[in-house]
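First up is the structure itself, then whatever we jot down about it.
Remember, predicted model here, so these are calculated numbers, not experimental data. First listed ligand is number 1; within each ligand, the first listed atom is number 1. Side chains included, hydrogens not; waters and symmetry mates left out as well; all remaining heavy atoms used.
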Amino acid sequence: MEESVEKNAPLSRFTTFRIGGPAERLVHPRNVEEAISVLSREGQVFILGGGSNILVSDEGVRGVTMRLSKFCADVEFSPAQGNKVIVKAQAGLSLTRLSGLAMRRGLSGLEFAYGIPGTLGGALAMNAGTREGEMKDIAVSVTVVTRDGAVKRLSGGECGFSYRSSGFADGDAIVECELALRRDDDARIRERMRKGWEARKASQPLDKPSAGSIFKNPAGNFAGRLIEAVGLKGYCVGGAMVSEKHANFIVNTGGASAGDVLAVIKEAERRVYETSGVRLEREIKLVGRFDE
Ligand code: EPU
């Protein structure tokens, strides 16, 4: 075994919520080849990307957790074909870092991604996006390792992308992708990024630990609006609080447990359902064991 393995490693340092119990075994592969060998050897592995869209249980995660980080973050820009450039990048690369690299090369398509926390792999798995764009718009191919260790390359159309979701099989690990970008003026790209970022800074509590939007927007409505309407802004359980700035964010005001966050989530689900009949669908993924 080449890659480094930590035992009982607290995951709170790797989640944007700053919450999460220990991983029984936390594996840090040094490159994608090692990641693939861990996946084929272990079968069931929890893959930790940027830790930005998850709530890890206070008990932690049993078995193997694999952290795809800067070691699985190579990126390569193909020569331009007309206006189009294909970028090939590995799953551990930060989405914001990639959007910055693209901007500096005068490549458009990733402006929406600037400032979204998380890795490329995680962003593809959930089809991350904003109203300005989503991963689906630029994904040309995605390479996954299946639970039995086979490496499979899917075209963008085969990934089953829809609003904040994808059709990758449970247990598929995303290791690499190709994205299609277009040449554009870098000042214009920078300006679009700045605008998106400013808008988000004005409406979202980006200065506090959170996991981004907790719920998906229901058809024809907004989760934030529904949660605000039931009077939950500022509602707290322990250290978890519905943000005063944006009601679809739960912030960790200090020392929140995963149990606190789940209690707030359930209260929002219950009150919104009782008041408006809408069943909110969670955008964040619960990892590990929870008493629901
Ligand atoms: N609203 C309220 N109360 C609130 C929050 C929002 O009434 O507390 C209302 C706003 O006034 C607005 C509407 O709800 O009319 C939508 O709010 P906003 O413009 O903030 O966007 P959003 O739909 O809540 C979505 C994404 C964000 C993304 C932004 C900007 C989802 C679930 N969320 O938020 O994505 O940054 O648009 O493009 O689709 C994420 O997915 O983690 C995320 C942060």
Mode of [X] contact toward ligand 1 - side chain, backbone, both, neither (heavy atoms, under 4.0 Å):
| X | result |
| --- | --- |
| Phe215 | backbone |
| Phe249 | side chain |
| Arg225 | both |

Any donor-acceptor N/O pair, [X] side chain to [Y] backbone, under 3.5 Å:
| X | Y | result |
| --- | --- | --- |
| Asn127 | Met135 | yes |
| Thr16 | Pro209 | no |
| Ser40 | Gly149 | no |

What residue and heavy atom of the protein are closest to [atom], and at what distance?
| atom | value |
| --- | --- |
| atom 28 (C) of ligand 1 | Gln204 NE2, 3.8 Å |
| atom 43 (C) of ligand 1 | Ser213 OG, 3.1 Å |
| atom 4 (C) of ligand 1 | Glu228 OE1, 3.4 Å |
| atom 8 (O) of ligand 1 | Ala247 N, 2.8 Å |
| atom 24 (O) of ligand 1 | His246 NE2, 2.9 Å |

Determine the sole option in Leu98, Ile189, Thr96 for which the side chain to side chain contact (heavy atoms under 4.5 Å, CB included) test with Leu110 is passed.
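Between Leu110 and the candidates, side chain to side chain contact (heavy atoms under 4.5 Å, CB included) is satisfied uniquely by Leu98.
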
Answer with yes or no whether the side chains of Glu228 and His246 bring together a donor and an acceptor at under 3.5 Å.
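Note: His246 and Glu228 side chains miss the donor-acceptor criterion.
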
Looking only at side chains, do Glu283 and Ser213 share a donor and an acceptor under 3.5 Å apart?
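There is no such pair between these side chains.
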
Taking 4.0 angstrom as the limit and counting only heavy atoms of [X], give me the atoms of ligand 1 inside it, by number and element.
| X | value |
| --- | --- |
| Gly212 | 42 (O) |
| Glu283 | 32 (C), 40 (C), 41 (O), 42 (O) |
| Arg131 | 18 (P), 19 (O), 21 (O), 23 (O), 37 (O), 38 (O) |
| Thr130 | 38 (O) |

Where do Ile250 and Met241 land on the side-chain contact (heavy atoms from CB on, under 4.5 Å) test, with the steps shown first?
CA-CA 5 Å; Ile250 294 176; Met241 181 177 90; 5.9 Å; no

Under 6.0 Å from the ring centre and within 45 degrees of the ring axis: does the NZ or CZ of Arg282 meet both conditions for the six-membered ring of Phe215?
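Not flagged: Arg282 not positioned over aromatic ring of Phe215.
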
Cation-pi check for Tyr235 against Arg271: NZ or CZ below 6.0 Å from the six-membered ring centre and within 45 degrees of the axis, yes or no?
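Yes; both conditions hold, so Arg271 lies above the ring face of Tyr235.
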
Heavy atoms only: which of [options] lies closest to [atom]?
| atom | options | result |
| --- | --- | --- |
| atom 35 (O) of ligand 1 | Arg164, Glu281, Lys233, Arg200 | Arg164 |
| atom 13 (C) of ligand 1 | Phe222, Tyr163, Phe112 | Phe222 |
| atom 34 (O) of ligand 1 | Leu226, Asn217, Asn248 | Asn217 |

Is atom 10 (C) of ligand 1 close to the protein, meaning a heavy atom under 4.0 Å from it?
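Within 4.0 Å of atom 10 (C) of ligand 1, no protein heavy atoms are found.
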
Any protein heavy atom < 4.0 Å from atom 20 (O) of ligand 1
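It does; a protein heavy atom is within 4.0 Å.
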
Salt bridge check, Arg194 against Glu191: does any charged N sit closer than 4.0 Å to a carboxylate O?
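Yes, charged N to carboxylate O under 4.0 Å.
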
Glu111 and its salt bridge (charged side-chain N to carboxylate O under 4.0 Å, His left out) partner, picked from Arg190, Arg131, Arg192
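By the salt bridge (charged side-chain N to carboxylate O under 4.0 Å, His left out) criterion, Glu111 pairs with just one of Arg190, Arg131, Arg192: Arg192.
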
